[in-house]
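Note: hydrogens, waters and symmetry copies are ignored here, and every other heavy atom, side chains too, is used.
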Amino acid sequence: MSTGPASAPPVPAADAPATDAPAAEVAAAEGAAAARPVSGTPGAAGRGAEGRSPGQLGGRPGRAGDPAAPSVPSQGPRPVASLSPSRAADFVNCPLRYRFRVIDRIPEPPSEAATRGTVVHGVLERLFDLPARERTQPAAAGLVEPVWADLLARDASLGGLFTDPTALAAWLDSARDLLTGYFTLEDPRRLAPAARELYVEHVLGSGLRLRGYVDRLDEAQTPQGTALRVIDYKTGRSPGPAFEGAAMFQMRFYALVLWRSRGVLPRELRLYYLGDRTWLRAAPDEAELRATERRIEALWAAIARAHRTGDWRATPGRLCDWCDHKVRCPAFGGTPPPLPESVAEVPVDDGAPAVCEADG
C-alpha cells in the first residue's frame, strides 16, 4: 500500500453463521488477507440514491467513452438470488434494516442528502461528455441545475424537499461545493474513462448473483496486459481509521465481480470523499479477492438463515438517527410489521441496484 496525490497519472495511459452478530461472523470468514487501505488528502487542498434497472453489461448507452457491452456468458450457474454492495452493508450494519428494505419493501422518502448525492453523481457522469479541455470546475457547477431539472422531470415529488427558493438555492450551492472538492482530488482533463455508471454482475458457483454500478472505470493497455482502476465517489466525509476497511468492502466487491467476469484483476481501487476532500486507495491481490468472495458467501448464508428463522435483529448504532425505519424499530420502542405471507424461499434483492449511495 502507498499513498500519493489522486491526480497521479491514470492507470498506465479485487452450518450458516448466526445472525446475532453478523458483522463479526462474516469478518471472520474474510480472514486476515484483506489489506488496510491508505488514506490521503492530495494536492494543495491537502446513496437513498437514484436506482436504474439492470441492463446489458457495459457503460450506459450513448455516453462517450463507454465500451461496447461484453457478451454475457451463455452457460454458468443459474442465479437463484442477488446481492448488491449496499444491501450487503445493510445486513452487516443492521439485519432488521435489510429486512425492511428487501423483505418488506417499505418505501423510503427522498432526502436532501441522498438527492444531492444523485445530482453530484449525475454531474460527474456528464462532465466526461465534454471535450477534455472543457472539464473545469465552472463547467461542473453549470451542470448542477440541468441535472436537478432532469431529476425533477422524472420525479416531481422531489420538489417537496424544499419549502422555499432560498432553501433550494442553498442546497444547490452545497452540491457545487462538493464538486469543487472533486477538483482538488484529480484533474478530469487528463482522464479518458472507459465507462461511467457501469452495471456489472457475476453469478457465483452457489447461484448468488453479485451486481451493482461502478461509478467510473479507467482502463489502459500496458506491457503487462489490461490495467483497470475502479473509482467510486462519496458525497459524505471519509470514515475514521477503524472504519476504513468496512468502507473499502464495496470496492473489493466490485473488484471481485470485474475479476470473475472479465478475468482481469483491477490494479487499483479508489474511494473519493468529496465531503472532506480526501480519498482511500487499495491495490487488491488475488488472495484478498478470494477472501472477499468467502466473506460474501458467509454473509449470504447468514441472510438465508435469518430468512428461514425470521430472526431479523436490530443492531442499534450511530446510523440510527438517519434511518427511515427508526419509528418501527423495537430498539426504539417501535413494532415491525408482520412479515409478508408470500415471500420467496430465499430473500431476493431484485430491486434496481443503486447508481449512487449518499451514505458514505
With a 3.5 Å cut-off and no angle check, do the side chains of R116 and T235 form a donor-acceptor pair? no
Going only through I, L, V, M, F, W and Y residues with side-chain contacts under 4.5 Å, is there a path from I106 to I103? yes
In Å, rounded to the nearest 0.5 Å, how long is the span from CE of M251 to CD1 of I231? 6.5 Å
Under 3.5 Å, which donor-acceptor pairs link side chains of residues 325-335 to any protein atom two or more places apart or in another chain?
| from | atom 1 | to | atom 2 | distance (Å) |
| --- | --- | --- | --- | --- |
| H325 | ND1 | R328 | NH1 | 2.8 |
| H325 | NE2 | E108 | OE2 | 2.8 |
| K326 | NZ | D321 | OD1 | 3.0 |

Looking at E186, R281, K234, which hits side-chain hydrogen bond (donor to acceptor under 3.5 Å, both in side chains) with Y272? E186
Ion pair present between D129 and R196, side-chain N to carboxylate O less than 4.0 angstrom? yes
For D173, check salt bridge (charged side-chain N to carboxylate O under 4.0 Å, His left out) against everything at least two apart and list the hits. R176
Rounded to the nearest 0.5 Å, how far apart are CD of E244 and CE of M248? 9.5 Å
S84 OG to Q250 CD distance, which is reported to the nearest 0.5 Å: 9.5 Å
For the backbone of A89 and the side chain of Y98, can you confirm whether one donor and one acceptor N or O come within less than 3.5 Å of each other? no
Hey, does the side chain of H121 reach the backbone of Y233 with a donor-acceptor pair shorter than 3.5 angstrom? yes
Validate the cation-pi geometry between R295 and F249: distance from NZ or CZ to the six-membered ring centre under 6.0 Å, angle to the ring axis within 45°. yes
Please assess R101 against D324 for the test salt bridge (Lys or Arg N to Asp or Glu O under 4.0 Å), listing each intermediate value before the final yes or no. CA-CA 10 Å; R101 285 181 158 181; D324 292 310; 5.4 Å; no
Should the pair D215-R270 be classified as a salt bridge under the 4.0 Å nitrogen-to-oxygen rule? no
